[in-house]
Amino acid sequence: MKKFSFTRNARLRCRKIFDFVFSEGEKSSTRDLVMWACVPGLNKAGAKAPGLIANGGRRLGLVISKKTGGAVQRNRLKRLLREAYRLSKYDLLDGAHIIVYPKAGCAINNLLEARKALSAIWARAKIKNAER
RNA sequence: CCGGCAAGACGUUGUGAACGCCUUGCCGGAUGGUGGGGGAGGGGAGGAACUUCCGAACUCCAUACGGCAAGGCGCCGGUCCAAAGUCCCCCCAUUGUUUCCUUGGGGAAAAAAUGGGAGGGACCAUAGGCCGGGGGUUCAGGGCCACAUCCCUGAGCCACGGAAAGUGCAACAGAAAGUAUACCGCCGGGGGCCGUAAGGCCUCAGGUAAGGGUGAAAAGGUGCGGUAAGAGCGCACCGUCCCCCCCCAAUUUUUCCGCACGAAAAAGAGGGGGGGGAGCAUUGCAAACCCCGCCCGGAGCAAGGCCAAACAUGCGUUAAGGACUGCCCGUCCCUCGCCCGAAAGGGUGGAAGCGCAGAGUGGGCCGCACAAGAUAAAUGAUCCUCCAGGCGUCGCAAGGCGCUGGACAGAAUUCGGGGUACAGUCCGUGAUC
RNA sequence: GGGCAAGUGGCGGAACUGGUAGACGCGCAGGUCUCAAAAACCUGUGAUCUCACGGUCGUGAGGGUUCGAUUCCCUCCUUGCCCA
C-alpha cells in the first residue's frame, strides 16, 4: 500500500457512522476548526463502537458549511484540508475516526496553514501519535 | 491616442517532473459466484458549468380528442438557428422467409424485422438576438416675433391588436372629471330700493361655455356670419373619423421558362394623393376587468422503473391459548423453558418461531452520457516552464537579471435561446496625425 | 438537481381592489413621580439641508407602464421553504 494514499475507504462514507461520531465522539475546537473524534480503545466512546469503526484504519469526514461561500470556496477549503490530512495522517493514532468542520470565517488560505491547523487541533484533543 | 459603447474570438501554456483523487475498458492471478486488491494504459470543468427567465427532448400521470375555465402571447418582413430529439430517405451489417440460378456446397434478387451510421432531408423561437421597414411617444433645434396646432431635422425611449362592444377607475385641487358642469364673469326678463335722468345696488327664476382660475387631463383650432349674450348654431379653411379609387412601399407568394436572368399576376406593416360622407358623437388607463386573433393537459430525472435488507402492525400456522372486563392494566386457569423436590407441589421466567402482506425509514442498480461523469459527491497540491502586467536593478538603447503575480467562477438527464459576473489579450469600431 | 415564496424606520408588523407611507406594539431619548431606581403616565423618534417655516430623498437594487407605483410588469440581489 502506498504511503500517502487517500482512497475511498479512508473517508467516512455513510450516514450511520457520521451520526455515531457526531453523537459519541469527543468534541474539541480551535479558532478555525471544530472536530469530533472517536478512537477505539482510548476513550469511552471508542468502546461502544460498532463493527464498522472497529475494523481498523484512520478515517476522515469533512463537513463544509454553506456559510463558507460559493461552490468554488467550499471545494477549495475541502481539498486543502484533505491534502493536509493525506500528507500528515500518520501523526494520528491508528483507528481514529474524525469529522472536521471549519468554522465560518475560517482563515485557511493555503496548504501550510491547513496542516498547522490540523496539527493544532489534534494536539488539543490528545489524539496525536506519540511514537512519531 | 481614447474608449470598453456596437460585432466577434480567447479566457495564462505545456502529450513537462514526481505525489494524490474520480472513472473506463484491458492484462495476469484467483474463484462455484461476487467483491476487494495488483499492473501498465485512455479520459477527467465553463464561457458563462452561474441564474432558472423562456423553450425542446425524455418519463410518469386513465393516451390527455373536442369544448369551457385558468394561463400566455400580440406592428410588418428577413435572418440566426440544436453533436439533443422525432419522422422520412439513403448506406452497411445480422436474422429468418420467399423466388430464381446451380452439381447436394453455394450464389443472386425481393420485401420484412433488428442493430448501426459525426450520411442527407423535413419539423421545432410565444415578452428570443441581429438586420431592414413602419408607427407611437418625450426632448432639443428650425419653419415662426409670440401662443396653439401642424410640418421638417436630430437624439432618447416603447411587451407596438382593440378605448365608436361593454364594465370599472381618475386621489388632491377645482363650479364641473365623462349622460359634462354655472363659482366668478357675461346676457336679457320680473320684483324691490336709491337717483331728476343716464344708471347703480339687492333679489328671483332663467340663458350661456366665448373670458378667469384649478388640475396630469376641462371636451377640436382660426376666421367670418349669427345672437340678448353665446355656442359646429351655420359657413370656409385646417385637424379628426368612415367609405371608394389611384400611386408609392421593405419584402413575400404564385405562374411562365430545363436552370439563372427576366416577365406577369397577387399579397403587403403602412405612407401619399383625389373624390364622397359625418358637425365632432371619438379624454386617458387594457403591464384594470375585458373583447378579437393565435398558442396551450399536468407534474417533473428528488420524473420514473427494478432489487434485496430490517421493524411497528395484521393474517395464517404451531403447544404457545382461554376466562373475568366496554377497553387497557391486573388476576386466575392451561401450556412451554429453567430451578428446588422422591412425589404432590412450590418458585421463577417467557410471550417467541416460521410464512405472507406491510405505512414509514435508510441503502443499491437502471434512468446516466457514441472519450468528464459521481451519490458524504473526482479534476488538488509542489516544482519547472510559457504569456501579459507591476516593482527594483544594470544598460545610451534593444534588452538582460531578481522579486512579485493571474478575473468571474465548479459539471450531476441532455440540448438551444435570454439575463447577469469577469483580470488580461487579440480583432475590429471611433477620433486625430 | 428541480419547483416555489418573501424582502417596508433599530426590531416585529400594518397600509383592502394604484391616490398623504410609515398605523399598532417593542425598543430608544426626554420629562413627571422618587432620596434613588423599577413600574405607571406624558411627549418625541426614517435620512439629509435649515435657527425656524419648509424643501429634497426614502418600501432590497435597477428599469418600464401610468398624471401618479409598497401595490402592476421585466431583469438582477438577498433570505427562506418544499420535493426521494
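Computed over heavy atoms, backbone and side chain alike; hydrogens, waters and symmetry mates excluded. All values reported here derive from a predicted model rather than from experimental measurement. Numbered from 1 within each chain, the chains take letters A, B, ... in sequence-line order.
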### Message
Near RNA chain B, counting only heavy atoms under 4.0 Å, which residues of residues 71-82 of chain A show up?
### Response
A:Ala71, A:Val72, A:Asn75, A:Arg76, A:Lys78, A:Arg79, A:Arg82
### Query
Looking only at atom C1', what distance separates B:rA180 and C:rG22, rounded to whole Å?
39 Å
### Whole-Å gap separating P (B:rA377) and CD1 (A:Ile64)
11 Å
### Message
Return the pairing partner of B:rC235 with a 3.5 Å limit on both distances, Watson-Crick or G-U wobble; otherwise return none.
### Response
B:rG223
### Message
Checking A:Thr30 now: which residues fulfil side-chain contact (heavy atoms from CB on, under 4.5 Å) with it, not counting sequence neighbours?
### Response
A:Leu33, A:Ile121, A:Arg124
### Message
Taking the C1' atom in each of C:rU17 and C:rU75, what is the distance between them to the nearest angstrom?
### Response
27 Å
### Task
Starting at atom CD of A:Glu83, determine the distance to atom C1' of B:rG20, rounded to an integer number of angstrom.
6 Å
### Query
Is there a Watson-Crick or G-U wobble partner for C:rG7 with both distances under 3.5 Å, and if so, which one is it?
C:rC77
### Task
Specify the glycosidic conformation (syn or anti) of B:rG156, with syn defined as within 90° of 0.
anti
### 5' priority, RNA chain B, between A:Leu111 and A:Leu62 [closest heavy atom]
A:Leu62
### Validation row: A:Trp122, A:Ile98 side chains within 4.5 angstrom (heavy atoms)
yes
### Query
Considering only the C1' atoms, how many Å lie between C:rU20 and C:rG68, rounded to the nearest integer?
13 Å
### Query
Is the base of B:rA299 syn or anti, where syn means the angle lies within 90° of 0?
anti
#### Entry: For B:rA228, the Watson-Crick or wobble counterpart (both distances under 3.5 Å)
none
#### Entry: With sequence neighbours excluded, residues passing side-chain contact (heavy atoms from CB on, under 4.5 Å) with A:Arg79
A:Asn75
### Summary
Residue set satisfying side chain to side chain donor-acceptor pair (under 3.5 Å) with A:Ser29, at least two apart, ordered chain then number -> none
## Note on the structure
Checking N1-N3 plus N6-O4 or O6-N4 for Watson-Crick, or N1-O2 and O6-N3 for wobble, each under 3.5 Å, the partner of C:rU45 is C:rG27
### Query
Taking CG from A:Leu60 and P from B:rA376, how many angstroms apart are they, rounded to a whole number?
15 Å
### Query
How far does the P atom of B:rC370 sit from the matching atom of B:rU24, given to the nearest Å?
14 Å
### Query
Is the glycosidic torsion of B:rG191 within 90° of 0, making it syn, or is it anti?
anti
### Query
Mind checking whether A:Leu60 and A:Leu81 have side chains closer than 4.5 Å, heavy atoms only?
no
## Note on the structure
One should read off an interatomic distance between A:Leu92 CG and A:His97 NE2, to the nearest 0.5 angstrom, of 10.5 Å
### Query
When rounded to the nearest Å, what value does the distance between P atoms of B:rA344 and B:rC334 take?
14 Å
#### Entry: Distance, P atom - from B:rG268 to B:rA249, rounded to whole angstrom
16 Å
## Note on the structure
If pairing means Watson-Crick or G-U wobble with both distances under 3.5 Å, then the partner of B:rC139 is B:rG154
### Query
What integer number of Å spans the C1' atoms of B:rU59 and B:rC408?
36 Å
### Query
Any idea if B:rA45 is syn or anti, going by the 90°-from-0 cut?
syn
### Message
If the condition is ring-ring contact (aromatic ring centres under 6.0 Å, His included), which residues does A:Tyr101 pass it with, not counting sequence neighbours?
### Response
none
### Message
What I want to find out is whether A:Arg86 reaches A:Glu83 closely enough, with some N-O distance under 4.0 Å, to be called a salt bridge.
### Response
yes
### Query
So what's B:rA217 paired with, Watson-Crick or G-U wobble, going by both distances under 3.5 Å?
none
### Query
In whole angstrom, what separates A:Arg115's CZ from B:rG20's C1'?
13 Å
#### Entry: Torsion-based syn/anti label for B:rG213, 90° from 0 as limit
anti
### Query
Using atom P of each nucleotide, how far apart are B:rG25 and B:rA369 to the nearest Å?
11 Å
### Task
Sort out the partner of B:rC285 for me: Watson-Crick or G-U wobble, both distances under 3.5 Å, none otherwise.
B:rG168
### Task
Sort out the partner of B:rA250 for me: Watson-Crick or G-U wobble, both distances under 3.5 Å, none otherwise.
none
### Message
For the backbone of A:Ala84 and the side chain of A:Ser88, can you confirm whether one donor and one acceptor N or O come within less than 3.5 Å of each other?
### Response
yes
### d(CG, A:Leu87; C1', B:rG380) in whole Å
11 Å
